[in-house]
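The structure appears right after this line, and notes come after that.
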Number of protein chains: 2
Amino acid sequence: MKRVLLYGAAGGALIALLKLIEYKHFVHAYPAELYGGLLALIFTAVGVYVGLRWTRPKPAAAVPKHVPAEETLKGLGITPREYEILCLIAQGMSNREIGEKLFVSENTVKTHSSRLFDKMDVGRRVQAVQKARQLGLIP
Amino acid sequence: MKRVLLYGAAGGALIALLKLIEYKHFVHAYPAELYGGLLALIFTAVGVYVGLRWTRPKPAAAVPKHVPAEETLKGLGITPREYEILCLIAQGMSNREIGEKLFVSENTVKTHSSRLFDKMDVGRRVQAVQKARQLGLIP
DNA sequence: CCAAAAATCACCCGAACGGATGACGACGGC
DNA sequence: GCCGTCGTCATCCGTTCGGGTGATTTTTGG
């Protein structure tokens, strides 16, 4: 709300500045580039400022404390087998290695991990590991 | 060196653009503010970019609360930039996302991560994260 | 100032991964 | 018996990763 108003006000001020510059331009024909460069500098500076302003604040989200793994697992609908795959993924194993360890095909591991990522709402295995750690699923 | 030249060239081009705009302004009196606003937007965008680009890399990976990591890092010959990539990998980011966050190309991120894996003696990013945690490099 | 280290970027290639889909057998409840 | 869940496996397709090589450009330290 306030931000929008401020933005609008700033925009208006800038437009006014522009017109003013143009008036000057009418009077003196040559220092036009100078004013142009100045304007460029100004807007660049403004850009730097707002850019920094916009991307800086990053408050960390509070994480709920210890919830027994069992609860979380069932809450997410993660099956025992999927949890098993999750643990092995967290050990840094490839799908192939997991398949060999569990005596199943790599395709099966892929299916499990896909459903796992789906249930955990992640898209990459590293994210799955990180989230599982946050959830207390793995130490 | 080259960067300065490029900057100069870009500046010249922009000045030329400005003059061109001004010519248009001579012909049509009304859409002047429009062009001005456009220019403002452009320069603001440029400002955002360069601002982020030049101020980010410095405080970017000010993550580590752990000081004992310094020892391990130097012991392994891991550079600050590589450590930065390591942290972002541990957050589950893809190489592309890391590149966008750090304003470098994906190729660069790949180079860093490759050397990182080499120094950490791992072959996959999940292993790198796990090992980094074991070494106390990341919380 | 110059050499070394660090950072940047590009290209290629093969492997690994993720998503979507379909299928089949086993088990357990209702 | 029937339905739902689980585990298993496959195939296709596109993306991401990891490895290798080579090059240029800061940055830094002596």
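Computed from a predicted model, the values in this text were never measured in an experiment. Residue numbering restarts at 1 for every chain, and letters A, B, ... go by the order of the sequence lines.
Within the nucleic acid shown, N95(B) comes within 4.0 Å of sugar-phosphate atoms alone, with no base atom in reach, counting heavy atoms only.
Residue E82(A) contributes atom CD, which lies 13 Å from atom P of dT5(D) at whole-angstrom precision. Spacing between atom CE of M93(A) and atom P of dC17(C) amounts to 12 Å, rounded to whole angstrom units. Atom P of nucleotide dC17(D) and atom CG of L88(B) are separated by 13 Å, given to the nearest angstrom. Summarising the geometry, the separation between CZ on F117(A) and C1' on dG18(C) is reported as 8 Å, rounded to the nearest angstrom. To the nearest angstrom, C1' of dC17(D) lies 15 Å from CD1 of I89(A). We find that CD1 of I78(B) is positioned 12 Å from P of dA6(C), with the value rounded to whole Å. To the nearest angstrom, C1' of dC17(C) lies 13 Å from CD of E97(A). At whole-Å resolution of the value, CD1 in I98(B) and P in dC9(C) are 14 Å apart.
The end-to-end axis angle of the helix from dC1(C)-dG30(D) to dC30(C)-dG1(D), rounded to 10 degrees and based on five pairs per end, is 60°.
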For this session: Indicate for each nucleotide in nucleotides 8-14 of chain D, in 5' to 3' sequence, whether protein heavy atoms under 4.0 Å reach the base (B), only the sugar-phosphate (S), or nothing (-).
Result: BBBB---
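The shortest distance between the side-chain N/O atoms of S113(B) and the OP1/OP2 oxygens of dC17(D) is not below 4.0 Å. Regarding contacts with the backbone of dC17(C), every side-chain N or O of R124(A) stays at 4.0 angstrom or more from both OP1 and OP2.
Not a single side-chain contact (heavy atoms from CB on, under 4.5 Å) links S114(A) to another residue, sequence neighbours left out. Residues passing the side-chain contact (heavy atoms from CB on, under 4.5 Å) test with D118(A): none are found, sequence neighbours excluded.
The closest side-chain heavy-atom distance from L73(A) to T79(A) is not below 4.5 Å.
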Table please: side-chain donor-acceptor pairs of residues 129-139 of chain B below 3.5 Å, with sequence neighbours left out.
residue: K131(B); atom: NZ; partner: M120(B); partner atom: O; Å: 3.3
residue: R133(B); atom: NE; partner: P139(B); partner atom: O; Å: 3.4
residue: R133(B); atom: NH2; partner: P139(B); partner atom: O; Å: 2.9

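Note that the CZ atom of F103(B) and the CD1 atom of I98(B) stand 14.0 Å from one another [nearest 0.5 Å]. How far OG of S94(B) is from CD of E106(B): 7.0 Å, rounded to the nearest 0.5 Å.
Just one residue in the list R115(A), K110(A), H112(A), M93(A) forms a side chain to side chain contact (heavy atoms under 4.5 Å, CB included) with I85(A), and that residue is H112(A).
Pairs passing the side chain to side chain donor-acceptor pair (under 3.5 Å) check and including a residue from residues 119-129 of chain A, sequence neighbours excluded, read E82(A)-K119(A), N95(A)-R125(A), R124(A)-E97(B).
With T108(B) contributing its side chain and V104(B) its backbone, the two residues share no donor-acceptor pair below 3.5 Å.
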